[in-house]
Amino acid sequence: MIYPSISCQNPWIPITPKILKPSLKKSPSLHFKPIFCFHNRDSNTIDKPEKPRTDLKNATLLAQAQVFYRKSQKSRLCEERRGFPHVGSQEMLALCGLGYWVQGFRCFPWLALNFHMAHSLNMHPSTLQIVQNSGNLPMVAKPLYGILSDTLYICGAHRIPYISIGVILQILSWGSLALIPVAGQSLPPLMACVLLSNFGASITEVAKDALVAEYGQKHNINGLQSYALMASAAGGILGNLIGGYFLMKTPPRTMFLCFAVLLSIQLANSLRTSEESLGLLELSDNDLMQSSVTESTTKKLSDLLMAIHEESIYRPLTWILASIAMVPSLSASVFCYQTQCLHLDPSVIGMSRVIGQLMLLSTTVLYNRHLRKVPIRSLACAVQVLYAGSLLLDLVLVKQINVKLGIPNEMFALCFSGLGEIVAQFKILPFSVLFASLCPPGCEGSLTSFLASILCLSSIVSGILGVGLASLVGIISGDYSRLPVGITVQFIAALVPLIWIHHLPMSQGIAEKERKKGMSRRTRRNRRVGRVVLGSVCVYRRERESGIQG
């Protein structure tokens with residue numbers, strides 16, 4: 001439910017150093033319980049009872065708050081009768097469930113784009129990897145999108161409008177690749193469409209992640225990120241499953257058009273959903289004009305920097321960043337080796353990613369039910385070792401050890417080709433849940449977008465290191481004899497982050513305790529001071545100590 005707030009300039013009941021006793025007489029037009037306020041300025045002051053003073057304007061505010069509370073409580077009871085324990089759970093499921101599913105389904109057009117660049121445009125493996133990683137540059141600016149989402153309200157809302165804007169940009173990008181033939185025939189317009197698509201996807205992802213974190217904190221639901229990853233994995237399963245078949249039967253432009261139509265359905269769903277139906281606060285025009293966008297942005301940026309400087313946040317943040325960035329990626333070289341040397345069918349590569357997404361979905365369900373109780377340090381250590389071991393599966397394929405064991409290349413690639421990528425995706429899940437629980441209220445969009453930004457930046461650094469490693473060891477198109485050396489370097493680099501695994505907290509509860517202990521005195525002064533009871537509604541008033549003493 002939405003709690004009414006109390007303005008410091010116009011309080012409902014004047015705060016005095018005296019204890020206010022409730023009046024024995026009740027107003028016939030207003031039915032609310034007495035309000036008690038306790039505030040001692042001086043221990044030497046003798047408290048004397050005084051009748052509460054309630055003017056007409058304050059009484060009207062109290063009556064309006066009670067009416068709003070009754071309507072919110074009635075709406076919540078209706079939701080519970082329908083089987084949804086939280087306000088707006090059905091709308092949240094339709095909005096974010098479809099959104100994360102479409103996010104996972106992005107592999108459908110990207111599979112066609114990768115084959116188009118590798119075969120139709122005959123790109124070098126290093127050039128292909130540079131295009132793939134440089135196309136993710138708009139996602140590095142996710143903290144900016146998160147701060148704007150936290151501060152800049154559009155029509156009284158600050159999450160769903162950004163989802164719609166991001167979807168529109170993606171429709172323009174993939175629609176141009178599908179309907180304008182020149183857009184996909186040369187590198188500059190193709191790169192422009194890729195940048196526009198990832199720019200829209202990054203805005204949408206930031207708004208969805210912030211909405212999930214804010215909704216979870218509002219209704220005390222922990223671990224919603226695991227359900228988001230399940231929806232994304234489900235979209236990836238279907239996208240990879242039908243992507244290889246479509247690629248064999250239709251040109252890539254048809255797949256781009258199909259994805260643009262799917263994005264149009266997501267846009268229609270977001271336009272008909274309001275944040276008020278999700279039980280989130282929707283500001284009025286008076287609230288929106290209290291502070292300028294510049295002041296709000298500066299404050300949110302300050303809050304973000306303060307949150308990042310907390311030891312319980314920046315230590316695991318540094319570890320996950322380093323564990324991804326320091327492992328050089330050879331994904332483009334392995335992809336070209338599979339298609340050019342082994343001549344694997346597109347349907348085989350698509351089905352291998354389907355099996356990988358099924359494994360991701362299964363491990364996410366396993367984490368949501370059982371692994372959430374495992375200490376994050378032990379879980380991260382086990383996942384990192386598994387990730388390093390999965391990189392050696394590419395070495396088995398390159399050395400043709402599977403053929404010596406009687407396993408065909410198609411079967412081996414089908415079962416083990418995308419295992420390393422899936423483990424890398426799963427490794428992010430425990431940290432997403434951890435940071436969502438440690439996120440300060442009002443900073444959901446900023447912190448979650450900052451996490452997504454550094455993860456994207458670390459993957460870009462990993463890709464650039466992979467291009468440098470391929471050039472250093474001599475991996476070129478048509479000659480992949482030095483690819484085993486690069487895979488061995490990958491394996492060693494993946495084991496290095498285990499050296500500083502002690503930077504991670506033992507459990508999520510310990511991290512929360514460390515964050516509370518690390519709060520500065522200035523932060524403590526800004527905590528909740530004063531409590532007002534209105535019926536069964538508890539309203540807290542935020543105010544600095546200096547303001548109270550004044």
K.L.:
First locate atom CZ of F450, then atom CD1 of I308, and finally report the distance between them rounded to the nearest 0.5 Å.
P.N.:
3.5 Å

K.L.:
State whether Y100 and K208 meet the cation-pi test: NZ (Lys) or CZ (Arg) under 6.0 Å from the six-membered ring centroid, and within 45° of the perpendicular axis.
P.N.:
yes

K.L.:
Calculate, to the nearest 0.5 Å, the distance between atoms CG and CG belonging to L419 and D394 respectively.
P.N.:
9.5 Å

K.L.:
For residues V467 and N133, determine if any side-chain heavy atom of one lies less than 4.5 Å from a side-chain heavy atom of the other.
P.N.:
no

K.L.:
Please check: side-chain N/O of R372 versus main-chain N/O of Y367, any donor-acceptor pairing under 3.5 Å?
P.N.:
no

K.L.:
Working to the nearest 0.5 angstrom, can you tell me the gap between Y145 OH and Y162 OH?
P.N.:
12.5 Å

K.L.:
Determine whether more than 12 heavy atoms belonging to other residues, nucleotides or ligands lie under 6.0 Å from atom CE of M191.
P.N.:
yes

K.L.:
Measure from the side-chain N and O atoms of S378 to the backbone N and O of V374, and report whether any donor-acceptor pair falls under 3.5 Å.
P.N.:
no

K.L.:
How about N409 and Q338: does a side-chain donor come under 3.5 Å of a side-chain acceptor?
P.N.:
no

K.L.:
Does atom CZ of R253 have more than 12 heavy-atom neighbours, drawn from other residues, nucleotides or ligands, at distances under 6.0 Å?
P.N.:
yes

K.L.:
Give the minimum heavy-atom separation between L263 and V167, together with the two atoms involved.
P.N.:
O-CG1, 3.2 Å

K.L.:
Kindly compute the distance separating CG (L169) from CG (N198), expressed to the nearest 0.5 Å.
P.N.:
11.5 Å

K.L.:
Got a donor-acceptor contact below 3.5 angstrom from the Q384 side chain to the P497 backbone?
P.N.:
no

K.L.:
When you measure from the side chain of N368 to the backbone of T364, do you find a donor-acceptor pair of N or O atoms at a distance under 3.5 Å?
P.N.:
no

K.L.:
Whether the W174 and S197 side chains hold a donor-acceptor pair (N or O, under 3.5 Å, no angle test) is what I'd like checked.
P.N.:
yes

K.L.:
Is the backbone N or O of Y314 less than 3.5 Å from a side-chain atom of T318, with the two atoms forming a donor-acceptor pair by type?
P.N.:
yes

K.L.:
Step by step, would you call F108 with F246 a ring-ring contact (aromatic ring centres under 6.0 Å, His included)?
P.N.:
CA-CA 9 Å; F108 178 78; F246 267 72; 5.5 Å; yes

K.L.:
Please walk me through it: do V485 and R482 pass side chain to side chain contact (heavy atoms under 4.5 Å, CB included)?
P.N.:
CA-CA 6 Å; V485 179; R482 304 294 294 174; 3.9 Å; yes

K.L.:
Output yes when a side-chain donor or acceptor of S120 lies under 3.5 Å from a complementary backbone atom of M117, and no otherwise.
P.N.:
no

K.L.:
Test your reading of the model: is there a side-chain donor-acceptor pair from T127 to the backbone of M123, 3.5 Å cut-off?
P.N.:
no

K.L.:
Kindly give the heavy-atom pair with the smallest separation between V423 and V383, and that separation in Å.
P.N.:
CG1-O, 3.7 Å

K.L.:
Please answer whether the main-chain N or O of G184 pairs with a side-chain N or O of H116 as donor and acceptor at a distance below 3.5 Å.
P.N.:
yes

K.L.:
Tell me if a side-chain donor or acceptor on S173 pairs with a main-chain N or O of C193 at a distance below 3.5 Å.
P.N.:
yes

K.L.:
Could you state the interatomic distance from CG (L330) to CG (L483), rounded to the nearest 0.5 Å?
P.N.:
6.5 Å

K.L.:
Can you give me the closest heavy-atom contact between A413 and S352, atom names plus distance?
P.N.:
O-CB, 3.1 Å

K.L.:
Which atom pair, heavy atoms only, marks the closest approach of T273 to L95?
P.N.:
CG2-CD2, 4.4 Å

K.L.:
Could you pull out the closest heavy-atom pair between S134 and L195, with the gap in Å?
P.N.:
O-CD2, 3.6 Å

K.L.:
Do you know the tightest heavy-atom contact between N269 and A94?
P.N.:
ND2-O, 3.0 Å

